[in-house]
Protein chains: 2
Amino acid sequence: MAKTRPAAKASNGKMTYYFSKTKTEGKGLSKELLGGKGLNLAEMTSIGLPVPPGFTITTEVCDGYYKSGKKLPAGLMDEVRKNVGMLEKELGKKFGDDKSPLLVSVRSGAAMSMPGMMNTILNLGLNDVSTAGLANATQNERFAYDAYRRLIDMFGDVVMGVDHEHFDHAFGKIKAKYKVKADTDVPAEGLIELCAAYKEIFRKYTGKDFPQDPYTQLEAAVEAVFKSWMGAKAVTYREVENIRGLLGTAVNVQSMVYGNMGDDSGTGVAFTRDPNTGKNEFFGEFLVNAQGEDVVAGIRTPQPVAEMPKWNKAIHKQLLEIKDILEQHYTDMQDIEFTIEKGTLFMLQTRNGKRTGTAAVKMAVDMVKEKLIDEKKAIRRIPAGDLSQLLLPSLDTKALEDAREKKLVLTIGLPASPGAAVGKLTFTAEEAVERAASGERVILCRKETSPEDVAGMHSAAGILTSTGGMTSHAAVVARGWGRCCVVGAGEMTIDEKAKKMTIKGKTYSGNDIITINGTTGEVFAGAMPTMEPKLGGDFATVMKWSDKYRTLGIRTNADSPTDAQRAREFGAEGIGLCRTEHMFFGEDRIAAMREMILATEVDARKTALAKLLPFQREDFVGIFTAMKGLPVTVRLLDPPLHEFLPHDAKTQEELGKQMGLKPAVIKARVAQLHESNPMLGHRGCRLSVTYPEILEMQVRAIIEAAIICKGKKIDAKPEIMIPLVGTAVELKYLKELTQKTIDEVIAEKKFKGSLDVLIGTMIEIPRAALTADEIAEHAQFFSFGTNDLTQMTFGFSRDDINSFLPDYLRKDLLTADPFQTLDQSGVGQLVEMGVQKGRKTNKDLKVGICGEHGGDPASVDFCHRAGLNYVSCSPFRVPIARLAAAQAAIKHAK
Amino acid sequence: MAKTRPAAKASNGKMTYYFSKTKTEGKGLSKELLGGKGLNLAEMTSIGLPVPPGFTITTEVCDGYYKSGKKLPAGLMDEVRKNVGMLEKELGKKFGDDKSPLLVSVRSGAAMSMPGMMNTILNLGLNDVSTAGLANATQNERFAYDAYRRLIDMFGDVVMGVDHEHFDHAFGKIKAKYKVKADTDVPAEGLIELCAAYKEIFRKYTGKDFPQDPYTQLEAAVEAVFKSWMGAKAVTYREVENIRGLLGTAVNVQSMVYGNMGDDSGTGVAFTRDPNTGKNEFFGEFLVNAQGEDVVAGIRTPQPVAEMPKWNKAIHKQLLEIKDILEQHYTDMQDIEFTIEKGTLFMLQTRNGKRTGTAAVKMAVDMVKEKLIDEKKAIRRIPAGDLSQLLLPSLDTKALEDAREKKLVLTIGLPASPGAAVGKLTFTAEEAVERAASGERVILCRKETSPEDVAGMHSAAGILTSTGGMTSHAAVVARGWGRCCVVGAGEMTIDEKAKKMTIKGKTYSGNDIITINGTTGEVFAGAMPTMEPKLGGDFATVMKWSDKYRTLGIRTNADSPTDAQRAREFGAEGIGLCRTEHMFFGEDRIAAMREMILATEVDARKTALAKLLPFQREDFVGIFTAMKGLPVTVRLLDPPLHEFLPHDAKTQEELGKQMGLKPAVIKARVAQLHESNPMLGHRGCRLSVTYPEILEMQVRAIIEAAIICKGKKIDAKPEIMIPLVGTAVELKYLKELTQKTIDEVIAEKKFKGSLDVLIGTMIEIPRAALTADEIAEHAQFFSFGTNDLTQMTFGFSRDDINSFLPDYLRKDLLTADPFQTLDQSGVGQLVEMGVQKGRKTNKDLKVGICGEHGGDPASVDFCHRAGLNYVSCSPFRVPIARLAAAQAAIKHAK
């Protein structure tokens with residue numbers, strides 16, 4: 001579902017909110033107004049954490065900026081100056097001062113986290129005069145000019161659009177001149193020269209001098225942040241993440257603290273618990289003598305926070321105390337950024353931390369044990385969709401041991417996001433998107449990832465980088481999606497242009513398959529077998545809680561005993577949709593199926609169907625056995641018959657030989673069965689109207705199988721579902737035929753036991769929902785086939801939607817793919833109508849849903865509200881549906 | 001619409017209703033209970049007309065017969081015996097008597113006329129004894145044995161299933177023996193011999209003696225009539241005529257009178273007015289010394305009733321008096337059957353007469369003049385759909401004159417049903433069905449037609465027979481359908497087996513085309529040009545009345561100035577649907593269209609669109625000019641783009657040459673555009689979302705055209721209709737784009753006059769109807785596209801429905817093709833919802849319909865009830881819609 005936030009509450013024209021030890025204006029206000037970062041800075045300040053003071057410009061200002069044709073509102077800069085004045089007073093510094101200059105950071109911060117997607121400018125307030133002042137004040141000329149050159153670079157790049165490469169090139173020249181390799185080795189005089197060169201570049205590419213007035217800098221920076229809200233990266237991210245309805249970004253202007261003022265300084269990012277496993281262990285990384293972006297960008301590989309006591313025990317202790325304060329305050333795991341300036345800790349940011357599904361489950365269960373939250377809160381906190389990560393395959397243990405023994409591990413990186421992924425190598429995001437679109441499974445292999453790579457990362461089965469740590473861009477993004485990811489595999493050299501990567505002298509290109517193990521960081525050549533996850537422990541606890549609170553039943557869509565068994569293990573309480581068509585494609589069956597379709601007389605058709613009967617019966621015996629004691633809803637044949645015939649000349653010829661028919665006869669029948677719009681054609685129950693003998697065979701197979709099971713003391717509970725019904729008389733006719741066949745088989749087999757067979761229908765045609773009152777008179781149950789219902793209600797062919805869906809999402813004409821998430825206002829009306837009208841004439845009507853939406857949390861919520869009896873989804877989504885159903889029950893409890 | 005009758009009212013178990021001068025039980029009861037024939041016999045008796053007494057067995061008995069597994073209900077024969085007893089007493093005759101035997105006819109008669117579709121048995125009550133008695137009583141041995149041989153033949157054929165040919169064969173042998181050709185020339189002794197031979201045949205093929213007990217005969221005959229209700233002929237007829245929901249047939253047992261008792265006897269059928277032209281002239285035919293079936297079957301060619309005074313002036317006068325009595329009683333034209341037995345007239349049947357559309361119009365207007373009925377009744381009486389017959393083409397006058405002058409008339413038959421038909425010859429009904437199905441226009445050419453031929457007659461463009469009169473089977477059926485028909489073309493010899501016909505020594509076969517003129521009876525070789533009808537006189541009167549009473553507006557669907565002009569002449573008050581896609585297929589346009597589709601960049605697409613702009617503008621100037629002062633609703637491009645590209649390799653190659661592209665490029669684009677379900681694919685407004693420049697070009701063309709017209713003082717009233725809208729945001733986006741383009745063009749052209757352009761949408765996707773309240777906020781009008789709405793609401797592809805629709809109609813799972821007649825309970829719900837919800841948020845919303853249903857009378861009635869502002873239909877259906885709208889307004893007036 002689209003992550004839509006309510007609009008920010010009107011703030012009576014107030015555009016800025018100050019935060020410091022002495023005054024915190026934004027406390028208790030909303031993320032929608034201040035952005036997540038802004039609100040949390042205010043909150044942290046208010047609970048006494050050491051936060052550098054600053055102020056937040058609201059999202060309303062951003063909204064106003066766009067609404068007025070990209071103009072900053074009148075009065076904004078007056079408010080800004082007032083706030084800067086307060087900062088100056090509080091810190092004893094002055095903006096642009098030659099003695100004790102006030103420096104600020106300018107950062108974006110929307111109501112929902114969009115890491116790295118928008119602009120940030122640091123060290124703002126430096127100019128020729130204040131830089132000299134800063135050098136004097138800190139007694140550190142190198143530091144001051146390093147900060148200045150960073151500002152010119154960032155401001156030039158971010159605010160003025162000067163290509164960063166020009167600055168890089170100049171830096172390279174300076175490094176060459178001073179014969180050093182690392183940036184940090186350039187001496188102060190080199191940096192002074194560099195600042196002059198940077199200003200020259202700035203003038204060359206912008207036609208203007210680098211602005212010396214700090215308020216000019218600040219105004220331009222604020223506007224640049226607002227502009228970045230609609231930048232391509234940010235727009236794409238919101239599209240991928242399905243974030244809608246936000247006003248814009250807030251801007252946080254905060255006094256600078258420096259982690260790069262020497263070896264007693266540093267910076268880090270951390271999670272209050274392990275976001276990967278969920279363990280209650282302070283988890284993060286820090287870099288000594290560095291600025292924050294160095295950690296996030298993954299340029300230098302940082303140290304784990306566990307190592308910090310070796311460097312500064314007191315800070316580590318203080319951080320652990322802050323961890324507890326934050327968790328008590330937010331009752332959730334926090335993702336923090338901090339900086340140590342000359343031995344003093346400053347908190348720069350906190351927010352609820354992203355986590356893997358596994359971690360979400362473990363944290364929720366642990367926090368209940370810790371009495372931090374209750375069961376209901378725990379249930380509501382776990383993003384139901386993320387449970388799929390717990391159900392992801394991992395590498396097959398045996399194969400993994402073998403591979404290790406045989407030393408097939410190419411290299412080991414950091415285990416950034418769990419699971420296993422197998423795919424061909426791709427080296428650019430674009431290529432990943434293209435190849436994935438054409439059906440390949442690919443691993444995106446990059447030196448490091450950046451926001452530009454987001455689309456490619458989303459398309460890839462897994463992500464592998466050669467640099468970066470556990471909190472690098474690649475790691476954070478991949479974890480958020482539950483995408484398998486290995487980072488910092490430093491032995492790997494990537495040649496993006498040549499589309500190759502080399503590990504230990506061996507080269508791999510775009511056609512090579514690799515396997516990555518996100519749980520261990522291992523990288524293997526070739527495809528390795530994967531295995532199903534084992535579920536237990538905390539997962540089982542969450543499932544137990546879910547079952548306690550949910551009121552919806554959960555069934556599964558399964559067509560084979562194996563799937564049925566797996567779904568049952570996942571907690572399915574029955575089969576909501578057992579498709580029978582797949583059963584006809586087996587090599588031993590397709591011949592009889594084709595014989596049936598090619599028959600021109602009913603007798604020949606019956607002869608062919610008689611050959612299919614034993615297969616069908618056997619299938620149902622298997623499924624009934626796997627689901628013993630639980631209901632199994634069998635849908636009668638649904639697809640158009642032409643799907644079972646070969647369409648190419650060669651196979652038609654072979655078929656002709658087999659069947660003693662001329663290829664022309666087969667070709668003619670294929671042509672005769674061809675349809676312009678098969679979706680709306682001769683399929684579903686329409687086949688049974690034309691060929692009642694198909695229905696008779698299938699019903700016979702179901703009942704014979706049930707009787708066989710009963711004979712073996714296996715409690716078969718078949719429910720026969722007639723698909724694609726559009727009118728009551730259609731269902732009545734087929735229901736009578738079904739009942740007649742059931743009665744005949746029972747009589748014929750002289751079965752004396754009890755065998756209740758429900759007969760019901762799919763509601764998947766709009767007309768069926770509209771006339772559900774009439775239809776319900778002939779049905780014991782309804783199952784909403786929301787795939788087809790969505791196709792017909794929208795007039796969207798699922799097979800063809802990709803030609804225009806991207807445009808619709810991009811232009812905000814749709815908030816989500818309606819085949820993923822049920823369209824509640826359109827299709828949902830028909831579902832509600834179907835339920836209400838159906839129950840009006842048949843109060844005992846059982847109602848479920850068996851479209852793909854049955855496993856989508858937002859849709860499950862809708863199904864709960866619509867009063868359905870159960871949802872049915874694919875086996876792997878059963879746990880998600882159980883949790884989502886509990887969330888819905890808790891959310892909507894009266 | 002299905003002709004559905006309400007169920008017969010329960011008659012408290014009474015199974016028979018007697019009628020005679022002394023006692024008329026069935027007077028004032030319903031057709032549903034007594035059938036049309038039974039009710040009218042009771043009515044005629046009650047108003048003093050000379051009707052042979054008898055009784056009617058109700059349709060409820062027929063229903064009970066089928067419900068109890070084909071068993072006659074207990075007590076039925078007791079009631080029958082009681083009624084026969086009354087007849088015996090009244091007539092002084094006795095059933096099976098050897099002196100004065102009572103003879104009866106046993107005839108079917110359902111609530112709706114099904115001429116010739118069910119069984120009839122005459123002369124029932126004859127056996128060896130009573131035949132001798134009859135011979136004695138009538139002093140006419142020949143007559144008695146002729147009646148007996150007819151009974152044995154009919155009873156054997158109809159009741160016992162003995163092939164009629166066996167009897168024919170025996171008759172042939174007798175005629176040979178007596179060396180005569182005509183049946184009537186066989187002497188009495190020959191007929192006595194024949195009766196013996198017939199009884200022998202009866203015994204041989206049934207294993208039983210011909211039943212001598214008259215009650216045994218009667219019971220078997222009643223059951224045979226009931227059985228014929230479900231006979232293949234009757235079932236097919238009801239299917240073709242769309243007659244549903246009847247209980248069954250009644251059975252009329254009536255004392256026999258004989259038209260074949262000599263030259264003072266005769267029989268005839270007549271209409272109280274001319275059913276072909278509507279003239280107030282007694283119209284019909286009679287045969288001297290013949291039984292009724294001889295007229296209907298067309299075996300002998302009868303004389304017109306106008307000739308009757310030459311034969312019997314008194315009878316003719318009596319008939320003219322009866323004509324007036326009947327018309328006063330029924331206030332409608334009657335179709336009667338009569339028999340003269342030895343100079344005494346007996347009325348055997350009356351019913352409202354079938355008539356051509358032309359006749360219906362003339363009669364209705366005349367009867368208003370005669371003050372027999374009022375305008376409202378006149379309007380309601382004309383079957384609106386039959387108006388199409390007045391709009392049928394006739395042969396081009398000039399060509400007709402030429403053909404006559406050049407003596408190209410092959411032969412002249414009777415003008416049985418007006419209009420003109422051109423087609424290839426077919427000689428069997430089966431062949432007509434097959435060839436018509438494969439797209440050929442055929443003329444069904446038969447010696448005479450019989451109920452077995454109904455399907456073939458329906459498939460044919462016209463019907464031509466060599467025997468039979470104006471009231472023969474072919475004539476009656478063809479007139480009912482408005483199918484062009486010429487009968488009794490006696491110069492024609494047909495060889496059904498050789499599939500040939502010969503006229504004046506020249507032979508014509510299945511590949512020869514002929515033209516028949518149903519208005520004159522002329523038959524021509526070859527295809528002759530046809531011309532449009534001229535409308536005026538009574539037709540204009542009916543249209544004037546219609547416009548007086550109707551409240552619905554009537555628009556037309558027209559894509560060209562010619563169509564627009566024609567529709568305007570037919571009374572259209574605007575264009576409700578002007579499709580723009582056809583405009584792109586012109587030879588001068590398709591190239592630019594293809595260039596646009598093959599363009600990969602927006603600029604190239606715009607260049608191609610710029611080439612199309614002048615064409616489009618010119619089209620709209622033409623249409624606006626034709627419709628000056630009236631609104632023109634232009635629908636923007638609707639079909640998927642692949643429809644404009646060639647699909648065969650050769651044309652692709654040519655196109656490649658033209659466009660300087662490799663055929664592979666074109667093939668690739670065709671493949672890229674291919675869709676699994678184009679109906680649900682990238683079409684309609686989805687094209688404008690992806691390619692806004694197409695919308696911009698079309699809107700520009702519309703507005704530029706309107707401005708050009710305004711400059712010429714032509715009042716253009718464009719309404720822009722956005723197709724296939726599913727969501728409010730989609731319409732909002734495109735409406736804004738449309739309005740922006742309108743504003744731009746107006747500004748650019750410096751147009752200062754007034755130009756109101758409405759912007760609205762089609763409601764053709766179920767979701768649009770469901771969310772009409774949201775959509776109406778952005779629309780000035782709705783037009784229900786009920787073709788697509790039906791496709792999606794039912795999940796029926798119109799292109800593919802023929803694979804299962806016949807089964808659905810046959811099995812009564814649908815009562816009509818929902819693309820012909822709006823499905824009121826399903827699709828209709830969405831229309832009503834769309835109207836109500838739309839007006840809720842936009843009270844000024846104009847609402848119309850532009851699917852094919854706009855010209856279907858039952859659907860027009862629905863649209864009236866649903867509160868639409870107008871219906872729009874094809875030009876030729878505009879008069880039908882006007883009349884249907886008036887009928888609806890009168891019917892539903894409060």
Side-chain angles (χ1 to χ4, degrees), chain A residues 640 672-684 686-687 689-691 724 726-727 729-730 732-734 764-771 774 788-804 806-808 811-815 818 823 825-830 833, chain B residues 640 672-684 686-687 689-691 724 726-727 729-730 732-734 764-771 774 788-804 806-808 811-815 818 823 825-830 833:
Chain A
Q672 188 199 354
L673 287 173
H674 171 79
E675 294 183 309
S676 305
N677 297 287
M679 178 52 52
L680 307 176
H682 198 182
R683 51 174 283 246
R686 296 163 197 172
L687 295 171
V689 168
T690 314
Y691 310 112
L724 216 73
T727 69
V729 279
E730 195 176 33
K732 178 171 182 282
Y733 172 77
L734 295 171
E764 54 188 331
I765 284 184
R767 198 183 187 286
L770 290 162
T771 59
E774 298 168 15
D788 275 9
L789 193 60
T790 299
Q791 296 202 91
M792 293 178 212
T793 305
F794 263 102
F796 282 171
S797 162
R798 220 175 151 191
D799 295 331
D800 305 309
I801 195 178
N802 282 328
S803 52
F804 54 90
D807 292 321
Y808 270 71
K811 293 184 179 178
D812 265 352
L813 302 180
L814 280 176
T815 55
D823 159 48
S825 54
V827 180
Q829 267 191 63
L830 288 177
M833 199 183 288
Chain B
Q672 189 197 353
L673 288 173
H674 170 80
E675 294 184 309
S676 306
N677 298 287
M679 177 53 51
L680 307 176
H682 198 182
R683 53 175 282 245
R686 296 165 197 170
L687 295 171
V689 168
T690 314
Y691 311 112
L724 215 72
T727 69
V729 281
E730 194 177 33
K732 179 171 182 282
Y733 172 78
L734 294 171
E764 55 188 330
I765 283 185
R767 198 183 184 286
L770 290 163
T771 60
E774 298 169 16
D788 274 9
L789 193 60
T790 299
Q791 296 203 85
M792 293 179 216
T793 306
F794 262 103
F796 282 171
S797 163
R798 223 175 148 189
D799 296 331
D800 306 309
I801 196 177
N802 282 328
S803 53
F804 55 88
D807 292 320
Y808 270 70
K811 293 183 178 178
D812 264 352
L813 301 180
L814 280 175
T815 54
D823 159 48
S825 55
V827 179
Q829 266 192 64
L830 287 176
M833 199 183 290

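The sequence lines fix the lettering, A, B, ..., with proteins before strands; numbering per chain opens at 1. Quick caveat: nothing in here was measured; it's all calculated off a predicted structure.
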Side chain, backbone, both or neither of B/T690 within contact of chain A (heavy atoms, under 4.5 Å): both
Residues that A/D799 engages under salt bridge (charged side-chain N to carboxylate O under 4.0 Å, His left out), provided they are two or more places apart: none
Shortest non-hydrogen separation from A/Q829 to B/T771 and the atoms involved: NE2-CG2, 4.1 Å
Minimal non-hydrogen separation, B/S803 against A/E675, with atom names: OG-OE2, 4.0 Å
Residue part contacting chain B, namely of A/I765, when any heavy atom lies under 4.5 Å: both
Segment of A/D823 engaging chain B (4.5 angstrom heavy-atom cut-off): side chain
For A/K811 against B/V689, the heavy-atom pair lying closest together: NZ-O, 2.6 Å
Interface moiety of A/T793 toward chain B, non-hydrogen atoms closer than 4.5 Å: both
Pairs of heavy atoms under 4.5 Å with chain B: top-ranked of A/G826, A/G726, A/A768: A/G826
Heavy-atom check, side chain of B/T815 versus side chain of A/V729, under 4.5 Å: no
Contact summary for A/P678 and B/S676, nearest pair of heavy atoms: CD-O, 3.4 Å
Considering all heavy atoms, the nearest B/F794-A/R686 contact: O-NH2, 2.9 Å
Spacing of A/F796 atom CZ and B/M792 atom CE [to the nearest 0.5 Å]: 10.0 Å
Point-to-point distance, once rounded to the nearest 0.5 Å, from CG of B/D812 to OH of A/Y733: 11.0 Å
Main-chain N/O of A/N677 paired with B/D800 side-chain donor or acceptor, under 3.5 Å: yes
No-hydrogen, no-angle side-chain donor-acceptor test under 3.5 Å, B/S825 and A/R767: yes
